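Predicted model, so just to flag it, every value in this text is computed and none were measured. We count residues from 1, following the sequence as given. Both ligands and their constituent atoms are indexed starting at 1 by order of listing.
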Amino acid sequence: MMNLATSQTAKEPLLLAGKPVADALLASIAAAFEAFKRENPHIKTLPGLAVVQVGSNPASQVYVNKKAKVAKELGFHSEIHRLPVETTQADLLACLEALNADANIHGVLLQLPLPSHLSASQLQAVILPEKDVDGFHPHNLGLLLAGQNPFSIPCTPAGVMRLLAHYQLSVAGKHAVVVGRSNIVGKPMAQLLLQADATVTICHSKTPDIEAITRQADILVVAIGIPHWLKPSAVKPSAVVIDVGINRHPQTDKLVGDVDFEAVSPFCSAITPVPGGIGLMTIAELMHNTWQNFIKQN
Ligand code: GUN
């Protein structure tokens with residue numbers, strides 16, 4: 001049987017670059033910060049972001065440095081707390097509680113993944129909801145699920161929604177398929193798409209015949225963590241494809257997504273690149289969440 005994708009005529013898809021969207025968001029934060037300083041000359045506190053990293057996972061190291069760099073470029077106060085891999089749950093709880101109590105810090109981010117002896121869920125629940133810039137605290141996740149206003153929305157899914165809006169890709173009434181059910185991306189992503197009136201399906205490692213489902217997607221969000229996992233045979237012609245993956249290619253060591261971009265892009269109407277797509281959005285949304293928390297606390 002001819003596969004659906006290869007039966008279509010190849011054409012150039014719309015490239016959903018993250019940079020112009022992320023830059024516009026960062027510029028709007030910078031402008032709001034300037035206005036705040038003009039209007040509140042007596043307030044000397046800067047928006048403060050603390051990122052906590054346990055161990056030395058090389059990918060985390062890169063992300064943490066990038067987050068701190070962008071925060072500094074905005075003129076925010078930025079701290080990185082690098083803790084040794086043998087840090088105990090109690091030590092880490094104490095670190096997070098100290099950041100909760102620190103008036104110079106408006107956003108606390110515990111970089112994942114954690115070493116396996118630590119429990120992420122207990123630690124995430126200790127960060128005050130109003131400082132939880134990841135939006136992973138049960139209070140914030142509960143508000144997200146209820147369609148109410150959490151202090152923060154998880155950065156990557158928020159970035160996907162902003163990107164879709166920027167490129168005027170409508171979501172209402174579309175069938176959105178999310179591949180991956182992580183707390184960081186898959187679950188909140190599905191929730192945001194649902195709130196935007198998509199019909200949402202979540203697929204995961206135990207879904208039989210995933211391709212039969214992904215081929216129904218008008219909007220396909222892939223967050224599975226396997227380099228070049230999505231092939232043309234799994235894509236409906238003219239789908240919008242959002243690649244959340246950031247992986248090292250096992251042979252070339254280059255950064256690649258979960259989507260086989262070269263193979264898939266001729267068959268979709270729009271697609272995000274990796275790098276240069278959702279990764280930039282995640283960082284910009286983190287700054288947005290930090291800024292929002294600062295404003296709510298001042
Ligand atoms: N590791 C990969 N993505 C994320 C994220 O969005 N937040 C945190 N805390 N860790 C991550």
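In this structure, K72 forms no cation-pi arrangement with F76, as its terminal cationic atom is not both closer than 6.0 Å to the ring centre and no more than 45° off the ring axis.
Taking the centre of each ring, F294 and F36 come in below the 6.0 Å mark.
Using modelled atom types and a 3.5 Å distance limit, the side chains of N293 and T290 yield no donor-acceptor pair.
Remark: H228 pairs with H249 by the ring-ring contact (aromatic ring centres under 6.0 Å, His included) rule, at least two apart or across chains.
For the pair K236 (side chain) and A217 (backbone), a donor-acceptor distance under 3.5 Å is absent.
For the pairing with Q53, the side chain to side chain donor-acceptor pair (under 3.5 Å) check across Q61, H81, Q111 returns one residue only, Q61.
Near ligand 1, heavy-atom contacts under 4.0 Å come from L109, L110, Q111, L112, D134, F136, I184.
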